[in-house]
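Have a look at the structure below before the remarks.
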Amino acid sequence: MKKIRKLLKISAALTASALLTGCVPHTELNEKAIVMAIGIDYEEEKFNITFQYYNPTGLGGRTLVDNSQPNVLTAKGTGENVYGALEDASFRCGRELMLGVTQIIVIGEDAAKYSVDRVIDFTKSFFQSHPDMLITVAEGKACDLMQVKFSEGTVSTQKLKFMLTNAEKSGIVSLPSALDLFIALQTKQKSACLPRLRLIDDGKSDASQDGKTIEIAGGVLIKDGKAVDETDIEVMSGLEILCCITQTGTVTVDYNEEKISVGLVDIKTKIKPSMENERLVLDVNLTSAGRYLIDPYGSYVDNDNKEIEKLCGEQLISRMEKAIKETVLKHGTDVFILEKTIRHYDYKLWKSIEDDFEEYLKNAEFRIDTSIDIDKLILTK
């Protein structure tokens with residue numbers, strides 16, 4: 001009896017396995033559009049989508065991605081909303097969309113002015129989307145940037161992603177992900193500052209098949225979920241420091257008729273809010289270690305160190321003050337989410353200014369203090 005029961009169990013398990021393998025739906029990889037980057041434009045009250053996706057044919061190669069072949073194709077679609085435009089593009093290219101590895105979303109200039117909130121709304125409900133996608137804005141149309149086929153990297157999108165992430169690590173631009181943007185758009189001011197990309201079409205670039213290239217031109221300021229102004233690179237750098245996103249950066253100062261470059265490490269920024277004479281006051285404290293990147297004198301004395309630390313601090317303050325002036329004081333935006341900071345430090349203070357928060361921001365006083373400690377022994381003689 002025991003043997004019979006054992007045989008029955010084995011038979012039942014094998015039957016179940018056979019049934020399961022026959023019921024699981026699957027799609028061949030070459031039937032999918034593995035989307036790497038999406039460009040979103042808005043024209044004549046419709047959304048136009050252009051996306052780059054893997055070319056999985058691998059002609060001449062043994063693997064899915066063959067470096068000897070063009071690995072990126074493009075597809076286009078139109079719809080009343082972004083989701084509908086993506087479905088249209090999927091129908092036109094004849095492949096099922098896969099957004100699980102999408103790295104970048106580029107929003108066209110007119111689409112950003114219309115509504116950044118509506119543009120990225122599809123990612124909230126599209127189950128394959130992930131929160132690490134980088135969000136940028138194009139000067140002009142996003143579809144023009146999607147047509148650039150970079151020859152560097154396994155796929156074209158890698159070149160653009162490397163350029164953006166390297167700029168963030170260097171303290172040049174603030175680079176929000178889809179999740180960061182979602183959080184920013186839930187605040188009272190619905191503010192953010194997205195990197196602005198510019199197409200260079202002079203035929204001189206060796207990085208792409210047609211001589212085109214893309215550069216970071218600055219940022220686009222978002223308020224109430226829409227683009228309201230453009231910012232330059234210096235403002236983007238100042239915002240990144242104020243948001244305490246970057247931990248590294250470079251400062252070059254004039255000292256004794258020489259250009260002294262200092263690498264900043266372990267940058268930390270703290271903001272403390274308070275009210276003085278019915279005015280919102282924000283005390284900003286920045287600390288950082290520093291290392292000399294060039295030593296024209298052969299050695300430094302302590303007095304040189306203190307003076308250069310002061311000059312570095314002044315330059316960082318200048319960047320932050322410009323960023324504050326061009327974003328908070330000019331437009332009343334909350335690009336480094338002061339709402340969260342004020343709520344955290346003093347909830348009672350936040351409730352007292354919540355209804356007129358924009359006016360308080362426009363008239364706020366920022367008091368910035370820096371403390372930079374340069375280690376003169378590192379990278380010096």
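Treat the numbers as computed from the prediction; the structure is a model and nothing was measured.
For E314, the salt bridge (charged side-chain N to carboxylate O under 4.0 Å, His left out) criterion is met by no residue, not counting sequence neighbours. Every residue meeting the side chain to side chain donor-acceptor pair (under 3.5 Å) condition with K330, not counting sequence neighbours, appears here in chain and number order: D229. For the salt bridge (charged side-chain N to carboxylate O under 4.0 Å, His left out) test, no residue two or more places apart in sequence or in another chain qualifies with E45. Contacts of T78 classified as side chain to side chain donor-acceptor pair (under 3.5 Å), with partners at least two apart in sequence or in another chain: N48. Applying the ring pair (Phe, Tyr, Trp, His ring centres under 6.0 Å) rule to Y42 yields the partners F47, Y114; only residues at least two apart in sequence or on another chain are considered. E87 is linked by a salt bridge (charged side-chain N to carboxylate O under 4.0 Å, His left out) to nothing, counting only residues two or more places apart in sequence or in another chain. Applying the ring pair (Phe, Tyr, Trp, His ring centres under 6.0 Å) test to F51 and every residue at least two apart in sequence or in another chain returns Y53. Every residue was checked against the side chain to side chain donor-acceptor pair (under 3.5 Å) condition with E44, not counting sequence neighbours, and none meets it. Under the salt bridge (charged side-chain N to carboxylate O under 4.0 Å, His left out) criterion, E358 pairs with K223, K362, sequence neighbours left out.
Of all the heavy atoms in E240 and I172, the pair that sits closest is OE1-N, 3.5 Å. The shortest non-hydrogen separation linking I241 to T269 is O-OG1, 2.9 Å. In this structure, A227 and K113 approach most closely via the heavy-atom pair CB-N, 4.0 Å.
The other members of the hydrophobic cluster of L179, by chain and number, are I183, I337 (side-chain heavy atoms under 4.5 Å, ILVMFWY only). Listed by chain and number, the hydrophobic cluster partners of Y345 come to none, as no ILVMFWY side chain reaches under 4.5 Å of it.
When each of I267, L242, I368 is checked for a side-chain contact (heavy atoms from CB on, under 4.5 Å) with L286, only I267 meets the rule.
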Give every donor-acceptor pair under 3.5 Å between a side-chain atom in residues 188-195 and any protein atom, sequence neighbours left out.
from	atom 1	to	atom 2	distance (Å)
Q189	NE2	G332	O	3.1
S191	OG	Q189	O	3.2
S191	OG	D334	N	3.0

